[in-house]
Amino acid sequence: MTKNDEYVIDRVDVPVSWTNYLGVEDLGAVVNHTAGGYLFYKSPEHHRITRFRPNGVPMDRPGHYLYLRDEETGESWSVSWQPCGGPREHYRCRHGLSYSVYECTRNGLKAAQTLFIPRGENVELWELRLENASGRPRALSVWSYAEFSYHQISIDNQNFQMSLYCAGSRYEDGIIDYELFYERAHQFMAASFTPGGFDCLRDSFLGPYRTESNPLAVERGKCSGSFEKGGNHCAVLQKKLALAPGETARLTWMLGEGGLEEGRRVRERYRDPAAADRALEDLAQYWDEKLSKLQASTPDPDMNTMLNVWNLYQSEVNVLFSRFASFIEVGGRTGLGYRDTAQDSMTIPHSNPDKCRERILQLLQGLTSSGYGLHLFDPAWFGPPAEKPAFKSPTVIPTPDKASIVHGLDDACADDALWLVATVAEYVRETGELDFFHRTVGYADGGMGTVYEHLKKILDFSAEQVGAHGICKGLRADWNDCLNLGGGESAMVSFLHVWALGALHRRGPGPGPGGGRGTLRGHAPERRRPL
């Protein structure tokens, strides 16, 4: 932890991934301590932008990498420790609030790569700072590398007869344009400089029987200018530069959603490094405002850090991306997990009441009239009909009809909906929005009811689903999804039922004496942010 609210990893060969989340709106990225990870737009399952191979060897490949090459010696390495870094003592990673920094010092050359997504934009910026501390002139080449996805995860992993022909790439005006033909969607990579070379084809850049660890183009020192309609695609823009002793340089790559025109617009906006500085400072202010809503002071500094920074950060990210974008849930299913979303939402009514309310209403729509929640559902099932695409996909992707999406009691988890009772109660206490209880919302299996009636059905359901000893049944599961209880009883669910009853009927502004929150409120301390 640093003064900038960062988690610093100075031993980068940790046995498991330390991940961070970039983006606070539609564009999101999951990246680890070695720049492995992926980028997606709105959905990690249906609109993945960069490819990721989960549970692979080497782990967490590919990612959003920058390569450096000494033109005098031919030696090359990556700014992040993976995919082709040297001794680990030359590397460090700093995960911050919606940004990550990868630092490398090697052969007298200092490099730092910062990844972040500006608010209000659908582009990920790769900011590179270089400093020649070697005491001699340096001639260098730098390459970007990210592997494009076919968007649909299922298309990434099957039916290559179709998928290898569903996308194409081209290079124009210094910008890589990647197109998904049947989706009429584009992504781009642009840069703050005029590229000295490019590659759009993965196999041309990496070379045969090679990986991200030893790209052929980096070994040769030049790109091949590859592109085509079909095949596997990547985003590689090369820059050659010379640095005098003590000289510094800043370069920016821009990987985003949209075609050539969007790439030109973004390049014009972020060509000046000061624009990236302002965007990163804007992110800092965004999180400062959220963190200032609740500040705790305990005798334990580590406890303060956990409560005042990382707990809220994780909760906000979980509510935004619904826990289905990570290195464990790698986007192969999307929607809302009922209990997860309820638990996450109850932690943010003070910092993000609008998003909290949105998730609560979606969960209420995912409740059946019997009082149990759909364990995993897509809120779009209960929203207005989606616009039909103007094209027909060349492959068949079945979609469920409304009658088949509401599962029965046999697949109900006994604890799912009980979490929502406390979430709604916490939201109303925090916002004072008492009229929320009277709002009318539909049930997943048809019919309407007020929010209060939804909550009563949840409590009544648990009161009815009891076993021989008067203890609530565990049903399909009771939080432990690996333990299928069926007709067995669960003390945990009974405790949760009592807690939910108390949460709904508790008087006063908060859970403790006198509201329980007044002594915790205050202002966040000033934080200095890097760029």
Side-chain angles (χ1 to χ4, degrees), residues 42 315 318-324 334-387 399-409 411-465 475 496-497 499-506:
K42 292 187 178 179
S315 297
N318 282 345
V319 171
L320 178 63
F321 296 132
S322 188
R323 296 201 194 184
F324 290 133
T334 53
L336 296 182
Y338 210 98
R339 82 163 68 94
D340 294 347
T341 304
Q343 290 170 348
D344 296 334
S345 299
M346 74 172 63
T347 63
I348 66 159
H350 66 293
S351 62
N352 199 341
D354 292 340
K355 193 66 178 181
C356 180
R357 184 193 314 109
E358 176 188 334
R359 289 302 194 205
I360 287 173
L361 290 172
Q362 290 170 339
L363 291 172
L364 289 167
Q365 289 179 319
L367 185 76
T368 66
S369 58
S370 298
Y372 64 86
L374 303 183
H375 188 63
L376 173 63
F377 70 96
D378 187 342
W381 294 346
F382 311 112
E387 292 185 11
T399 55
D401 57 48
K402 191 70 175 289
S404 65
I405 61 178
V406 178
H407 62 67
L409 183 63
D411 289 319
C413 293
D415 70 304
D416 275 353
L418 283 170
W419 295 101
L420 182 59
V421 179
T423 302
V424 173
E426 192 67 18
Y427 170 78
V428 172
R429 275 195 293 270
E430 184 69 36
T431 63
E433 194 179 328
L434 291 172
D435 287 344
F436 187 73
F437 285 117
H438 304 295
R439 185 164 181 167
T440 302
V441 186
Y443 292 103
D445 52 348
M448 305 289 288
T450 65
V451 172
Y452 185 68
E453 287 169 339
H454 278 65
L455 302 184
K456 283 181 61 180
K457 285 184 179 291
I458 294 171
L459 296 170
D460 290 343
F461 176 81
S462 293
E464 293 166 0
Q465 293 293 327
L475 302 180
L496 185 58
H497 187 208
W499 180 62
L501 284 164
L504 185 60
H505 294 290
R506 183 183 298 121

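All values below come from the heavy atoms of this structure, side chains included, with hydrogens, waters and symmetry mates left out. For the single chain, residues carry numbers from 1 onward in sequence order.
With respect to V428, the side-chain contact (heavy atoms from CB on, under 4.5 Å) criterion is satisfied by exactly one of T423, L434, D435: L434. A side-chain contact (heavy atoms from CB on, under 4.5 Å) with Y443 holds for exactly one of L364, L367, T368; it is L367.
A salt bridge links R357 to D354: one of the charged nitrogens lies within less than 4.0 Å of a carboxylate oxygen. Ionic pairing of K355 and E358 is present here: one or more N-O contacts between side-chain nitrogen and carboxylate oxygen are shorter than 4.0 angstrom.
Annotation for P379 and G335: closest pair CD-CA, 4.4 Å, computed over non-hydrogen atoms. Nearest heavy-atom pair, G371 versus A417, reported as atom, atom and distance to 0.1 Å: O-CB, 4.0 Å. Residues D415 and R339 come closest through the heavy atom pair OD2-NE, 2.7 Å. Between C356 and S345, the shortest heavy-atom distance links the atoms SG-O, 3.3 Å. Between G366 and A444, the shortest heavy-atom contact is C-CB, 4.0 Å. In terms of heavy atoms, M346 sits closest to A422 at CE-CB, 4.2 Å.
Here OG of S315 is found 7.5 Å from CD1 of I348. Values are rounded to the nearest 0.5 Å. To the nearest 0.5 angstrom, Q365 atom CD is 12.5 Å from W381 atom CH2. One finds the CZ atom of F377 at 6.5 Å from the CD atom of Q362 (value rounded to the nearest 0.5 Å). Here the CD1 atom belonging to I405 is positioned 11.5 Å from the CG atom belonging to L376, to the nearest 0.5 angstrom. Note that the CZ atom of F324 and the CG atom of N318 stand 10.5 Å from one another [nearest 0.5 Å]. Note that CG of L459 and CG of L501 are 5.0 Å apart. Values are rounded to the nearest 0.5 Å.
By the 4.5 Å heavy-atom criterion applied to side chains, H454 and L420 are not counted as neighbours. Under the 4.5 Å side-chain criterion, counting only non-hydrogen atoms from C-beta, L504 is in contact with F437. At a threshold of 4.5 Å between non-hydrogen side-chain atoms, the residues V424 and F436 count as touching.
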(message) I'd like to know whether L418 forms a side chain to side chain contact (heavy atoms under 4.5 Å, CB included) with S462, so could you lay out the CA-CA distance, the side-chain angles of the two residues, the decisive distance to 0.1 Å, and finally the verdict.
(response) CA-CA 8 Å; L418 283 170; S462 293; 3.5 Å; yes

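Judged by distance alone, the side chain of T347 and the main-chain N or O of D344 form a donor-acceptor pair under 3.5 Å. Judged by distance alone, with hydrogens and angles left aside, the side-chain atoms of R359 form a donor-acceptor pair with the main-chain N or O of L320 at under 3.5 Å.
Relative orientation of the Y372 and F461 rings is tilted, given thresholds of 30° and 60° on the angle between their planes. Ring pair W499/W419 is perpendicular by interplanar angle, where above 60° counts as perpendicular and below 30° as parallel.
Side chains of H375 and D416: a donor on one and an acceptor on the other come within 3.5 Å.
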